[in-house]
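Report on the following structure.
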Protein chains: 2
Amino acid sequence: MSKPGEADGLEVFGFFNEVGIINQLSTAILAKSLPDGVHPSHFSIINHLVRMGDGKSPIRIAAAMQVTKNTMTHSLKVLEERGFISVEPDPDDGRGKLVRLTEAGRAFREAAIRNVMARFGDVIEPEHRAIMARLMGDLVVLRKHLDENR
Amino acid sequence: MSKPGEADGLEVFGFFNEVGIINQLSTAILAKSLPDGVHPSHFSIINHLVRMGDGKSPIRIAAAMQVTKNTMTHSLKVLEERGFISVEPDPDDGRGKLVRLTEAGRAFREAAIRNVMARFGDVIEPEHRAIMARLMGDLVVLRKHLDENR
DNA sequence: CTAATATAGTACGATGTCGTACTAATCAAG
DNA sequence: CTTGATTAGTACGACATCGTACTATATTAG
């Protein structure tokens with residue numbers, strides 16, 4: 001069953017299919033844990049700014065989030081309207097802007113994290129945490145390779 | 001570093017994050033391999049009908065694809081306009097419909113598969129195929145658990 | 001048989017994301 | 001310095017997806 005060529009290709013296909021379904025299901029759980037109007041991608045941006053530090057340009061955030069700068073412009077507009085971030089011109093680059101978290105943004109993240117953890121805790125059992133921990137290393141290798149060769 | 005509670009939660013979070021990025025990157029590769037106007041989700045529907053057999057109702061396909069029936073109505077409309085499927089009333093259920101693949105749909109799938117395989121072949125090396133094969137079992141366990149507990 | 005409930009599918013509007021095109025600012029070449 | 005090329009961000013339209021509401025048919029309760 002492991003003939004080279006077509007068979008291997010189908011295995012790759014199946015792998016990406018499983019990954020896609022897991023992503024969809026986990027995103028759905030996350031979405032239900034967030035207040036109305038806050039999309040998982042919005043939460044992801046705030047989370048990234050907390051973990052990696054704010055004061056970054058929209059384009060750098062877009063690259064980290066794997067979305068286009070168009071999408072980032074739109075998402076940042078939403079987050080700014082909600083008062084979770086502030087966007088100001090970059091004093092060192094007339095073209096650029098800098099994104100900073102507000103206190104409301106940090107507070108929102110804390111509350112959301114608690115909420116999400118609780119939901120995940122309801123669904124994910126120790127057995128599955130173990131699987132995740134075991135797979136992480138390989139996933140990171142794959143992700144980096146795909147990221148560098150797109 | 002492996003204290004129970006918050007730390008474990010963050011590991012779960014990180015896992016889903018990696019999965020999300022891999023999914024996004026692989027979907028992007030797939031999208032580039034398909035002709036204009038054919039979305040990865042459309043391809044996925046055709047692929048599912050070939051593998052699992054056609055003559056299924058939209059709602060069953062929607063469940064299998066992990067999308068709402070709204071989305072399926074829309075996607076099927078696109079596929080029907082392109083001549084890849086035919087949608088007809090279910091003779092046994094006045095509410096239902098049955099989706100069947102056309103010859104054009106099957107031919108499209110064959111061509112698309114070849115195209116996608118070639119793209120994946122350019123990016124994915126034996127080392128990474130090995131990783132995928134190794135992870136598949138665990139991923140299936142996770143996917144099934146999430147699917148049953150959503 | 002009739003009424004209440006459930007299910008399949010559609011209609012409509014909202015939103016996230018992307019591609020193309022555009023502006024403004026920076027950088028590099030001469 | 002000037003010109004051409006690159007980069008940051010925005011504007012606009014297209015599209016996939018979702019949530020809510022609706023219609024039509026099936027199923028179940030009485």
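Heavy atoms only: backbone and side chains are in, while hydrogens, waters and symmetry mates are out. Labels below follow one simple rule: chain letters A, B, ... track the order of the sequence lines, proteins then strands, and each chain is numbered from 1.
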Do the side-chain N and O atoms of B:Ser41 and B:Ser44 include a donor-acceptor pair separated by under 3.5 angstrom?
-> no

Any side-chain heavy-atom pair from A:Val19 and A:Ile22 closer than 4.5 angstrom?
-> no

Each nucleotide N or O in nucleotides 25-27 of chain C that has a protein N or O under 3.5 Å away: list the pair and distance.
residue	atom	partner	partner atom	Å
C:dT26	OP1	A:Gly94	N	2.8

State, yes or no, whether a side-chain contact exists between B:Phe15 and B:Leu142 at a heavy-atom distance under 4.5 Å.
-> yes

Does some side-chain heavy atom of A:Asp147 sit less than 4.5 Å from a side-chain heavy atom of B:Leu25?
-> yes

For the residue pair B:Ile45 and B:Met72, establish whether any side-chain heavy-atom pair is separated by less than 4.5 Å.
-> yes

Between CZ of A:Phe43 and P of C:dG16 the distance, given in whole Å, is 16 Å

Can you name the nearest heavy-atom pair linking A:Thr102 to A:Ser86, along with the distance?
-> CG2-N, 4.0 Å

Strictly below 4.0 Å, heavy-atom distances to any atom of DNA chain D: list the hits from residues 61-85 of chain A, or just say none.
-> A:Lys69, A:Asn70, A:Thr73, A:Lys77

Could you tell me whether the phosphate oxygens of C:dC18, OP1 or OP2, come under 4.0 Å of any side-chain nitrogen or oxygen in B:His39?
-> no

B:Asn47 versus B:Arg109, closest heavy-atom pair with distance | OD1-NE, 2.7 Å

Nearest whole angstrom, please: distance from the P of C:dA8 to the CG of B:Leu98.
-> 13 Å

Of A:Gln24 and A:Val87, the one whose closest nucleotide on DNA chain D sits nearer the 5' end is A:Val87

Where is the tightest heavy-atom contact between B:Ala104 and B:Gly83, given as atom of each residue plus distance?
-> CB-O, 3.7 Å

Say whether B:Met117 and B:Ile29 are linked into one hydrophobic cluster, either directly or through other cluster members, by side-chain heavy-atom distances under 4.5 angstrom.
-> yes

Parallel, tilted or perpendicular for B:Phe13 and A:Phe43, by the 30°/60° rule?
-> perpendicular

Anything under 4.0 Å to a heavy atom of chain B counts; send over the first and last such nucleotide of DNA chain D, read 5' to 3'.
-> D:dA16 to D:dA26

